[in-house]
Chemist: 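The structure that follows is given in the form of structure tokens.
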Amino acid sequence: MQRERISIPQIALYLLLTIAVYALQTSLFGRWSIRGYHLDLLPALVTAAALLDGPAEGVIVGVAVGLLYDLGFIGIDGLYPLFFLLFGLFAGAMSRLTLSGSYASMLIMTAVEMIVIGLVRYFVYLLPQAGASFALVLRQIVGGTLLTCLLCFAVYLPMRRISQRFASR
């Protein structure tokens with residue numbers, strides 16, 4: 001069995017990009033909405049890292065994204081780091097088996113990730129505490145997913161550039 005090598009400078013750049021996207025998302029994009037749907041690019045970071053470089057990078061970026069979610073948003077403590085860790089591992093494994101690091105693969109996996117986390121958020125948090133309507137929540141999930149998929153090239157391009165820079169080493 002071959003052991004995977006992780007580049008510390010590459011991970012550091014991924015984490016800096018994650019913090020930058022988080023800062024933009026909570027400050028600028030937090031107030032910005034299109035027809036009531038909000039942009040959420042953090043899940044796209046996990047998908048891009050996992051598809052471009054593998055499960056280890058997906059897990060590391062996933063834990064960072066989950067911790068940032070826990071710091072900045074209301075929800076169940078510990079759910080987001082665990083979810084994004086598992087998704088980073090899953091997406092990284094899928095990249096090794098069937099999916100490539102292409103943009104189309106990232107769009108599909110980001111959409112799946114956002115729908116699953118939206119449904120988990122609904123069934124674990126919104127339904128028991130607020131009794132939210134499933135139709136309204138599903139509408140928000142689908143709208144937010146489409147908006148994110150429309151603009152996730154803003155995450156994919158820098159992540160691909162970082163990945164290519166360190167792939168030759």
Side-chain angles (χ1 to χ4, degrees), residues 8-53 56-92 103 106-130 132-134 136-163:
I8 301 299
Q10 179 182 15
I11 295 297
L13 287 174
Y14 279 166
L15 294 177
L16 284 174
L17 182 63
T18 301
I19 292 169
V21 168
Y22 173 76
L24 282 172
Q25 186 167 304
T26 55
S27 61
L28 180 65
F29 300 143
R31 296 183 200 124
W32 182 65
S33 71
I34 295 178
R35 301 179 70 69
Y37 303 117
H38 294 280
L39 180 63
D40 186 8
L41 290 174
L42 289 175
L45 289 162
V46 179
T47 306
L51 289 178
L52 291 170
D53 292 310
E57 288 81 358
V59 165
I60 293 168
V61 173
V63 168
V65 165
L67 290 173
L68 290 173
Y69 262 107
D70 272 356
L71 288 174
F73 300 107
I74 298 171
I76 299 164
D77 292 334
L79 174 69
Y80 293 115
L82 179 62
F83 173 79
F84 287 116
L85 177 143
L86 292 173
F87 191 84
L89 186 64
F90 172 74
Y103 185 65
M106 184 188 153
L107 286 176
I108 292 167
M109 290 301 286
T110 300
V112 167
E113 178 183 21
M114 291 192 66
I115 290 170
V116 169
I117 192 64
L119 291 174
V120 166
R121 190 180 299 142
Y122 172 74
F123 286 114
V124 173
Y125 184 70
L126 293 175
L127 182 63
Q129 291 189 1
S133 165
F134 183 72
L136 291 175
V137 172
L138 187 62
R139 183 174 155 232
Q140 285 291 76
I141 292 170
V142 171
T145 300
L146 290 174
L147 181 61
T148 297
C149 286
L150 234 143
L151 298 173
C152 74
F153 69 89
V155 168
Y156 179 76
L157 294 175
M159 295 285 278
R160 185 181 72 186
R161 190 172 190 156
I162 292 169
S163 177

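Counting from 1, the numbers follow the sequence of the chain as shown. Keep in mind that the numbers below use all heavy atoms, side chains included, and drop hydrogens, waters and symmetry copies.
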Chemist: Atom CG of Leu41 and atom OG1 of Thr18: how far apart are they, to the nearest 0.5 Å?
Modeler: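 Going from the CG atom of Leu41 to the OG1 atom of Thr18 covers 11.5 Å.
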Chemist: Take atom OH in Tyr103; do more than 12 heavy atoms of anything else shown fall under 6.0 Å from it?
Modeler: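 Yes - once you tally the heavy atoms of other residues, nucleotides and ligands closer than 6.0 Å, there are more than 12.
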Chemist: Supply the atom-to-atom distance Leu79 CG to Ile117 CD1, rounded to the nearest 0.5 angstrom.
Modeler: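 Output value for this atom pair is 5.0 Å.
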Chemist: Working to the nearest 0.5 angstrom, can you tell me the gap between Tyr122 OH and Leu136 CG?
Modeler: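 Atom-to-atom, Tyr122:OH and Leu136:CG are 9.5 Å apart.
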Chemist: Can you measure from CG (Leu151) to CG (Asp40) and round to the nearest 0.5 angstrom?
Modeler: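 So the gap between those two atoms works out to 12.0 Å.
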Chemist: If you define the side chain from C-beta out and look only at heavy atoms, does anything of Leu39 sit under 4.5 Å from Gln25?
Modeler: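 No - every pair of side-chain heavy atoms lies 4.5 Å or more apart.
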Chemist: Going from CE on Met109 to CG on Leu51, what distance comes out if it is rounded to the nearest 0.5 angstrom?
Modeler: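 Nearest 0.5 Å value for the CE-CG distance: 6.0 Å.
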Chemist: Where is the tightest heavy-atom contact between Ser163 and Gln10, given as atom of each residue plus distance?
Modeler: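 Minimum heavy-atom separation between Ser163 and Gln10: CA-NE2, 3.7 Å.
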Chemist: Any side-chain heavy-atom pair from Tyr14 and Asp53 closer than 4.5 angstrom?
Modeler: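 Answer yes - side chains close enough.
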Chemist: I'd like to know whether the aromatic ring centres of Tyr69 and Phe83 sit less than 6.0 Å apart in this structure.
Modeler: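 No - the distance between ring centres of Tyr69 and Phe83 does not fall below the 6.0 Å cut-off.
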Chemist: For Leu45 and Met159, what are the C-alpha separation, side-chain angles and deciding distance, and is it a side chain to side chain contact (heavy atoms under 4.5 Å, CB included)?
Modeler: CA-CA 8 Å; Leu45 289 162; Met159 295 285 278; 4.1 Å; yes
Chemist: Taking the side chain as C-beta and beyond, is there a heavy-atom pair between Tyr37 and Val142 under 4.5 Å?
Modeler: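 Result no, sub-4.5 Å side-chain heavy-atom pair not found.
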Chemist: Please find the pair of heavy atoms, one from Pro43 and one from Glu113, that lie closest to each other, and give the distance.
Modeler: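 Closest heavy-atom pair between Pro43 and Glu113: O-OE1, 2.7 Å.
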Chemist: Between the main-chain N or O of Ala111 and the side-chain N or O of Thr145, is there a donor-acceptor pair closer than 3.5 Å?
Modeler: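 Absent.
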Chemist: Where is the tightest heavy-atom contact between Leu17 and Pro158, given as atom of each residue plus distance?
Modeler: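 Result for this residue pair: CD2-CB, 4.0 Å.
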Chemist: Using the six-membered ring wherever Trp is involved, compare the ring planes of Phe84 and Tyr80 and label them parallel, tilted or perpendicular (cut-offs 30° and 60°).
Modeler: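 Plane angle under 30°, so parallel.
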Chemist: Quick one, Phe153 with Leu107, criterion side chain to side chain contact (heavy atoms under 4.5 Å, CB included). Give me CA distance, side-chain angles, the key distance, then yes/no.
Modeler: CA-CA 9 Å; Phe153 69 89; Leu107 286 176; over 6 Å; no
Chemist: Locate the shortest heavy-atom distance separating Ala44 from Cys152; write the atom from each residue and the value.
Modeler: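 Heavy atoms only, the tightest pair is CB-CB, 4.0 Å.
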Chemist: Indicate the atoms forming the closest heavy-atom contact of Pro81 with Asp70, along with that distance.
Modeler: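 Scanning both residues, the minimum pair turns out to be CD-OD2, 3.3 Å.
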Chemist: Got a second to check how far Leu52's CG is from Thr47's OG1, nearest 0.5 Å?
Modeler: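 Those atoms lie 10.0 Å apart.
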Chemist: So Glu57 and Ile11, do their side chains get closer than 4.5 Å, heavy atoms only?
Modeler: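 Yes, close enough: below the 4.5 Å cut-off.
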Chemist: Of the non-hydrogen atoms in Leu85 and Val59, which two are nearest, and what is the gap between them?
Modeler: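 Scanning both residues completely, I find the closest heavy atoms to be O-CG2, 3.7 Å.
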